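This report concerns only the one structure given below.
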Amino acid sequence: IPESLRPVAMRLVHACALPDIALDLVWCGDVAAAGIGALESGAPILCDASMVVQGIDGSRLTAGNEVICTLREDGVGERAKAGGITRSAAALDHWLDHLDGAIAVIGNAPTALFRLLELIAEGAPPPALILGFPVGYVGAAESKEALIAEAPSHGLACLTLRGRFGGSALAVAALNALARVQQAHQPVTRAGP
């Protein structure tokens with residue numbers, strides 16, 4: 001694990017108390033540089049689930065990054081039903097106006113990760129970083145393998161965990177770890193003369 005990614009890996013291990021997950025971590029590109037750069041620039045953080053939003057430590061988002069979850073936006077349920085897709089996949093169409101240079105944090109739905117990859121393949125602007133930690137028995141491992149396979153050809157920075165294991169807590173742990181590193185490297189400003 002690269003030195004720059006070790007604080008994130010340690011936070012992931014701490015979040016689930018399973019040191020062996022470090023063996024299943026896969027990354028493409030410079031995850032730390034991409035994530036820290038996006039956080040410093042005030043890029044939005046796009047989340048697939050409300051549980052992800054709730055876990056983000058807003059006090060560490062020093063550039064005022066907007067945290068967005070579109071799962072409950074108007075029309076998502078209807079679009080999902082009409083298209084025969086999940087709400088999680090349909091919600092990602094609402095990410096398009098925010099996607100360029102954002103941090104995409106997927107901690108729940110494999111269909112959201114699949115849809116994100118489809119959008120990028122169709123020409124949507126890429127996020128600065130994808131933290132892909134969907135969990136479960138149906139599609140989770142496959143969606144993460146798709147991310148691993150497709151990230152290099154699209155020049156994407158990403159972090160994921162092979163297999164079925166994942167979840168909102170791990171996705172949030174990765175984002176919060178990057179935010180903690182970014183915050184620690186900010187210059188300290190002093191008030192007064």
Side-chain angles (χ1 to χ4, degrees), residues 27-29 31 34-58 61 63-136 139-140 142-161 166-176 178-179 182:
W27 58 91
C28 296
V31 171
I36 291 168
L39 289 168
E40 286 176 346
S41 74
I45 300 166
L46 306 174
C47 306
D48 72 323
S50 298
M51 286 176 58
V52 175
V53 173
Q54 294 303 314
I56 293 174
D57 183 355
L61 303 179
N65 310 76
E66 185 178 5
V67 179
I68 300 169
C69 179
T70 58
L71 191 60
R72 300 204 193 303
E73 287 196 11
D74 290 341
V76 170
E78 293 80 9
R79 185 176 307 110
K81 193 173 197 175
I85 59 175
T86 66
R87 287 179 60 93
S88 296
L92 264 71
D93 290 343
H94 289 267
W95 285 16
L96 289 172
D97 290 340
H98 310 284
L99 197 54
D100 192 15
I103 299 176
V105 186
I106 298 179
N108 184 35
T111 57
L113 185 52
F114 279 129
R115 181 64 181 139
L116 177 58
L117 294 172
E118 286 175 6
L119 290 171
I120 293 167
E122 293 167 1
L129 175 63
I130 299 172
L131 299 173
F133 292 88
V135 62
E142 294 84 356
S143 67
K144 292 184 274 186
E145 289 301 324
L147 175 61
I148 294 164
E150 295 175 30
S153 64
H154 294 292
L156 299 171
C158 70
L159 179 65
T160 191
L161 184 64
S168 297
L170 289 178
V172 166
L175 187 279
N176 285 342
L178 288 168
Q182 183 265 329

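Because the structure is a prediction, the values reported are computed rather than measured.
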Query - Selection residues 88-103 - residue pairs positive for side-chain hydrogen bond (donor to acceptor under 3.5 Å, both in side chains), sequence neighbours left out - result: Thr70-Trp95, Glu73-His94, Arg79-His94, Asp93-Arg115

Query - Steps toward side-chain contact (heavy atoms from CB on, under 4.5 Å) verdict (Leu147, Ile106) - result: CA-CA 12 Å; Leu147 175 61; Ile106 298 179; over 6 Å; no

Report summary line: The side chain to side chain donor-acceptor pair (under 3.5 Å) partners of Thr111 (sequence neighbours excluded) come to Thr86

Query raised in the report: Under 3.5 Å, side chain of Asn65 to main-chain N/O of Leu39, donor-acceptor pair present?
Result: yes

Query - Inter-residue atom distance Leu113.CG - Ile130.CD1, 0.5 Å rounding - result: 6.5 Å

Query - Under the side chain to side chain donor-acceptor pair (under 3.5 Å) test, residues paired with Glu66 that sit two or more places apart - result: none

Report task. Report the residues that fulfil side chain to side chain contact (heavy atoms under 4.5 Å, CB included) with Val53, sequence neighbours left out, ordered by chain and then residue number. Result -> Cys47, Val67, Cys69

Query raised in the report: Taking the side chain from Asn108 and the backbone from Val52, do they hold a donor-acceptor pair closer than 3.5 Å?
Result: no

Query raised in the report: Among all residues two or more places apart in sequence or in another chain, which pass the side chain to side chain contact (heavy atoms under 4.5 Å, CB included) test with Ala128?
Result: Ala38

**Report entry** salt bridge (charged side-chain N to carboxylate O under 4.0 Å, His left out) partners for Glu150, two or more places apart
**Finding:** none

Query - Exam field: side chain Asp48 to backbone Ala109, donor-acceptor pair closer than 3.5 Å - result: yes

Report task. Supply the atom-to-atom distance Leu71 CG to Arg87 CZ, rounded to the nearest 0.5 angstrom. Result -> 5.5 Å

